[in-house]
Every structure is written in structure tokens, then in C-alpha cells.
Undergrad: 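Here's a structure for you.
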Amino acid sequence: MIPRFRFAFPLALLLPLGSPAQTPAATENAAFHPSAFQTLPLGAVRPAGWLQRQLRIQADGLTGHLDEFWADVGPNSAWLGGSGEGWERGPYYLDGLLPLAYLLDDPTLKAKAQKWIDWTLQSQRPDGAIGPVKNNDWWPNMLVLKSLMQYQEATGDQRVVPFMERYFAYQSRQLAANPLHEWAKYRWAEELLPIRWVYEKTKNPQLLTLAQQLAGQGYNWQQMYAQFPFTEPTSTESLGLSKGLTDKSLQAHGVNNAMALKMPVLWGMTGGTAADRQSIYQQIKVLDQYHGLPNGLYSGDEHFSGRSPSQGIELCAVVEAQYSYEQLLALLGDPQFGDRLEKITFNALPATFDPTMWAHQYDQQPNQVLVNKAKRQWSTNGDDSNVYGLEPWFGCCTANMHQGWPKFAANLWMASPDGGLVAAAYAPSELTTRVGKTDVTIREETDYPFRETIRFLVSKSSKKATFPLRLRIPAWADKAMVTVNGKAVADAPKAGTFYQLKRRWQQGDVVELRLPMDVRVQPGYNQSVSVERGPLVYGLKLGEQWDKLRDRPNQADDYTVRATTPWNYGLLLPPAIPATAFQVQERPTTGVVFSPDGAPMELRVQGVRLPQWQMEQNSAGPPPASPVAKPAGATPETLTLIPYGATNLRITSFPVVRP
Ligand SMILES: [Zn+2]
């Protein structure tokens with residue numbers, strides 16, 4: 001029998017917030033391990049430069065308008081008191097709409113988000129239950145709690161914490177009779193985030209009981225990864241999916257695994273063990289080994305499907321992996337999670353949208369040469385999964401995709417427990433925060449990831465203040481340089497670490513970080529290679545013919561895309577690749593940076609066409625095993641590669657041809 005909450009009122013109502021004496025037992029218990037870094041409240045970071053323009057594109061695209069014509073998040077949503085959709089779609093939408101609204105400080109979007117917040121807060125039932133009465137699943141409630149955390153941090157609304165405490169008490173009483181099932185059983189650790197967040201504010205020891213109840217009913221992902229069963233591509237048959245959802249299918253599910261990236265660490269810091277906290281490294285290793293794709297993710301279309309670059313990964317998995325890596329970076333303070341976060345954010349995320357962000361794919365392919373409705377080699381998905389449109393295959397991504405860019409922007413900066421600031425990921429932005437008793441604004445001026453230099457300007461400081469500033473030095477940046485007010489630092493920053501600058505800061509101080517970006521060639525499927533430079537992966541630029549597949553007047557349309565130029569090239573690369581093999585060309589950063597025409601970078605490399613490499617099942621066939629002999633009489637051509645995120649069609653995994 002699970003112990004019930006012993007108090008009649010949430011402790012937060014009885015005791016002043018922040019009083020250290022309120023629950024000494026919980027502090028001694030120390031099962032809630034503090035995270036290495038603290039995420040900053042929504043609103044502390046403001047986007048600038050290309051990032052600001054990208055968020056504006058998103059706001060002017062589907063995110064800012066979806067509720068106007070897509071019924072599942074429209075005015076009849078059960079999450080707004082109507083009779084419509086009452087499961088995950090409303091909360092998914094809010095979880096991205098809300099941070100976008102506050103990052104852009106956009107009154108129209110804020111008002112749209114507020115409707116969902118107000119209905120949710122006002123409709124809590126006397127027993128503490130939340131959300132639509134018809135929903136009997138814990139899963140969508142976990143999502144709405146994530147939105148409420150962001151909202152409370154942005155606004156300070158005092159209704160939020162008591163609301164969550166009443167809900168947690170209610171859930172703790174109910175879980176024995178109504179246990180986690182299906183999605184909630186596999187996604188349970190999402191709730192550890194709001195539990196930990198409320199615990200920080202209230203130190204209520206019952207929250208640990210609830211965390212333990214959830215862990216007792218939830219799936220143990222670290223056990224699965226210790227003896228990983230999905231070493232081969234899966235299928236409807238192998239997962240038993242023809243009879244409906246199975247446990248096996250939920251375990252091999254791309255999105256569930258993206259969420260699960262943070263699960264063992266979160267549990268390890270909320271009641272679990274040191275082994276739990278370390279198991280993320282095994283998770284990443286196994287995913288890369290059996291299902292890794294060159295865009296920083298693994299295949300999941302929508303279940304594990306092996307390493308062929310013609311397999312896909314679902315957009316929901318992209319944004320959930322981003323969120324997991326943001327949390328992992330804060331929880332463990334390991335810079336490699338920042339590297340992975342940037343790789344996914346700058347490549348996989350923008351690639352799967354059209355440049356206007358009015359259309360998205362369900363599944364993107366690293367080698368994607370034809371986008372249309374046709375039978376493909378997906379493990380379990382439908383024929384329209386790589387179409388650019390409103391709701392290709394299934395509407396989960398239509399509801400969930402909105403969180404990708406805003407949460408990345410909000411998590412560019414973090415705080416360290418020694419009173420310092422952490423530049424966790426890089427993009428143009430402005431941070432306004434309080435360090436000790438000093439109000440500080442730091443402008444981050446950069447065109448990173450398209451350029452190598454990042455300039456931090458202490459643009460405002462209420463007085464001089466001493467604190468450490470940590471800069472993430474990516475693992476690929478082995479020649480990083482830092483200057484402070486024009487003077488080079490004495491100790492060279494080391495790749496794959498946080499470089500710490502501790503000094504007495506004052507207004508006008510300038511730190512310049514240079515991350516020289518050499519072109520790197522990464523091995524992949526069938527000994528193919530993908531090309532990287534800095535955090536960007538590069539793909540072959542192809543001519544594109546876009547055609548409307550479905551017209552929805554005053555809504556969002558669906559499109560097919562076919563290549564108008566050849567794609568079946570191998571790269572002419574000697575075994576020891578000289579620096580001159582790739583020519584790097586900078587182009588303006590002022591356009592739509594994630595579009596073929598606005599791409600701010602180009603690489604040129606020599607290649608030859610490989611006639612034996614052809615389409616298979618409406619996708620590029622697997623790249624022929626490298627090295628490939630140069631076809632007789634083949635003429636070398638200069639190929640143009642652009643950032644993966646700027647492509648809509650591309651080759652990313654290239655066969656290698658020896659000159
Ligand atoms: Zn989805």
C-alpha cells in the first residue's frame with residue numbers, strides 16, 4: 001500500500017516559500033540531488049540575429065496560426081473547455097507556443113497561450129484532478145505541467161505551484177488504483193522535471209514519495225539499454241504491431257527513446273543511484289552503434305530501423321531529443337550534451353521544415369532525394385511520412401513540433417551553483433539576469449554556427465561583480481581561442497570542456513571566443529562518409545521541383561519535392577584527406593539561413609557520378625560499400641554542399657571514390 005499524503009493543505013500554503021527550516025528531514029534525506037547547472041527562467045534569454053529571425057519565421061508560420069484552422073488545437077479543444085480533442089495535442093501545442101510567445105514578447109501569441117493556461121488552472125477539480133474530465137490518462141497531464149513551469153517562471157503567477165501540489169497529492173492517492181499505462185508508463189520520467197521543480201520551491205518530502213511511486217510503475221530504460229534487444233531494424237511483424245500497441249513497440253519507439261535519454265539521469269538524481277546517472281553514456285553508445293544517423297539522431301520511422309541513411313527519424317523525436325539534451329546538460333554539466341544538442345538543433349530540426357515553417361515532415365531522411373506519397377522502406381510508418389505538409393502520416397508532430405526552437409533559445413545560457421553563468425550552447429542572443437546582487441546583461445553577438453567567432457559583451461552591469469563565466473568548448477574545437485578585452489588568455493581552452501573565466505566583470509567587458517572549424521569527415525553506413533564543419537553537417541545541394549499534393553484553402557498545404565539534378569555522387573577523397581579537398585565559401589547570413597538559397601555556407605568538393613547507385617523503394621538505395629572504384633571514363637565534377645538544415649533534398653552519406 002502506498003502511503004497517502006499526510007497533510008490537508010499543500011505545505012507551500014502553510015509555510016513561507018524558501019524558508020530553510022520548513023522541512024529539515026528532506027534536506028537530510030538528500031535524495032533530490034541538485035543539478036550541475038540550473039536552467040534560467042523563460043525570459044532571461046532573448047533571441048537576436050538569425051535566431052530572432054528564425055523564431056519570427058516560426059511565429060508567422062504554423063505555430064502562430066495552427067489554432068485558427070486545425071481543430072485539434074482549435075477553440076473546441078477539451079483543454080479549453082470544449083468537447084474536442086482532450087489528450088496530448090493541446091498540451092503539446094502549448095508547450096511550444098508559450099515559450100515562443102515569451103521569447104518574442106509577442107502580445108498576440110501570449111494571449112493565445114494564456115487561454116490554455118487559464119482554462120487549465122481554473123478547471124482543477126476539488127480532489128486535485130486536472131485537465132479534461134474525459135481524459136483518464138496521466139500522460140497529457142505530464143505535458144501540461146511542463147508548460148506551467150515555463151509559464152510560472154516567465155510571469156510569477158502564484159496559482160501555479162499550489163495547483164501542481166494539489167495535483168501531485170491527488171495523483172499520489174490515485175496511482176495504486178489507476179496505474180501508469182501505455183505511453184505514460186514509458187514517458188513517466190517527464191513528470192520528474194515538474195516534481196523536482198516544485199520540490200526546489202517547497203521542499204515537500206511527499207514529492208519524493210510520488211517520484212518513487214512513478215518509478216515503481218514506470219518502465220526501466222536503463223535496464224533495456226544494459227542489454228539492448230533492438231540491434232536489428234524492426235518491423236510491424238517483429239513488434240507485433242498488427243494487433244495494436246505492444247510493450248515491445250513502445251520500447252522500440254523513436255520518440256519514447258528520445259524522451260528516455262534523460263530518464264535514467266533524472267531518476268538517478270531523484271531517488272536512483274550513481275549507476276542510473278551514468279547510464280546515459282551507454283544509451284548514446286548503443287543508439288549510435290545500431291541506429292545512428294549522420295544528423296546526430298538515430299533512426300525511428302517510427303521504430304528503430306537501422307543505420308541506412310535512407311531511413312527516417314520522426315520530428316517528435318527531434319524536438320524531444322533536443323529537450324532531453326538540454327536537460328542532460330543542466331543535470332550533469334557535461335559539455336558533450338551541448339555538442340549533441342547543437343548538432344540536432346542546427347541540422348535535424350530545420351531540415352524537416354520547409355523554409356517558411358508552414359510545412360513539416362513526419363520523417364526526414366539523411367539521404368532524401370524524393371519527397372512524395374509512395375511506398376518506402378519505413379519500419380512501420382505510412383506512405384506519406386516524408387511529405388512536407390500540415391499533418392503528414394499522423395498529427396502528433398503537428399502538435400509537438402513547436403517546442404524545438406524556443407526551448408533551445410531559452411537554454412542557451414544556464415547558471416552554475418558557484419554563482420556563475422554558463423554559455424551552454426551558442427547562438428545570437430541577449431542574457432539578462434542577476435548574479436548575486438548585480439544585474440547583468442550580456443549580449444552574445446555572433447553568426448555561429450555559420451561563423452567561427454562569438455563575442456560576449458557585458459552591455460549592462462549595475463556594478464562590478466566577480467563571478468565565473470563558463471564557455472562550452474565543443475569536442476571538435478581543438479584550436480579554440482579566448483580573448484578578454486582584446487588580450488589572449490594565458491591557458492589554452494581545451495576541447496570538450498567548459499573553459500572558466502573568473503574575474504571582476506564590469507560594463508563594457510568583451511570576451512571573444514573563436515572556434516576554428518576544420519572540415520571533418522565522419523564514417524557511416526557501408527563505410528560511407530558524411531561531411532561536418534563545426535556543429536554543421538553538410539548535404540549535397542540538389543535542384544528542387546516543388547508541387548502541391550493537397551490544397552487546403554486558408555490553411556496549410558502539402559507538397560511533394562523531386563530532384564531536378566543528379567544525386568548519385570561519390571566523393572573523390574584520398575585516404576589521407578588534404579585540407580585543400582574542401583573549399584569553404586562564406587555567403588551572407590542575412591537571408592533565410594535554413595533555405596537552399598539563403599544558406600550562409602557552401603563547401604566545394606570533387607565527386608563523380610556512380611551509375612550503380614540507384615533508387616530503391618522510392619528512396620536513394622543504400623550507398624554502395626566504400627571505397628568504390630572510379631567508374632571508367634567518369635568525369636570529376638565540382639559538387640556544392642550546403643548545411644543539412646538548409647536542404648530539403650540532399651545526400652548526406654556519400655560513398656568514397658579513390659582518385
Ligand atoms: Zn510525431
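All values reported here derive from a predicted model rather than from experimental measurement. Counting starts at 1 for both ligands and their atoms, in listed order. Any value given below was found using the heavy atoms of this structure, including those in side chains, with hydrogens, waters and symmetry copies removed.
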Undergrad: Assert yes or no for the condition that the ring centre distance of Phe228 to Phe304 is strictly below 6.0 Å.
TA: yes
Undergrad: Around the Zn ion (ligand 1), how many protein N, O or S atoms are closer than 2.8 Å?
TA: 4
Undergrad: Please say which of Phe346, Trp405, Phe353 ends up in a ring pair (Phe, Tyr, Trp, His ring centres under 6.0 Å) with Phe594.
TA: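 Only one option passes, and that is Trp405.
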Undergrad: Could you work out, with side chain to side chain donor-acceptor pair (under 3.5 Å) as the rule, every residue matching Asp551, not counting sequence neighbours?
TA: Lys548
Undergrad: Is the ring pair Trp546/Tyr559 parallel, tilted or perpendicular, if the boundaries are 30 and 60 degrees?
TA: perpendicular
Undergrad: Cut-off 3.5 Å, side chains only: do Tyr151 and Gln114 have a donor facing an acceptor?
TA: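 Side-chain D/A pair, Tyr151 to Gln114: present.
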Undergrad: Compute whether any side-chain donor of one residue and acceptor of the other, for Thr356 and Asp354, lie under 3.5 angstrom apart.
TA: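 There is such a pair (donor and acceptor under 3.5 Å, judged by atom type) between the side chains of Thr356 and Asp354.
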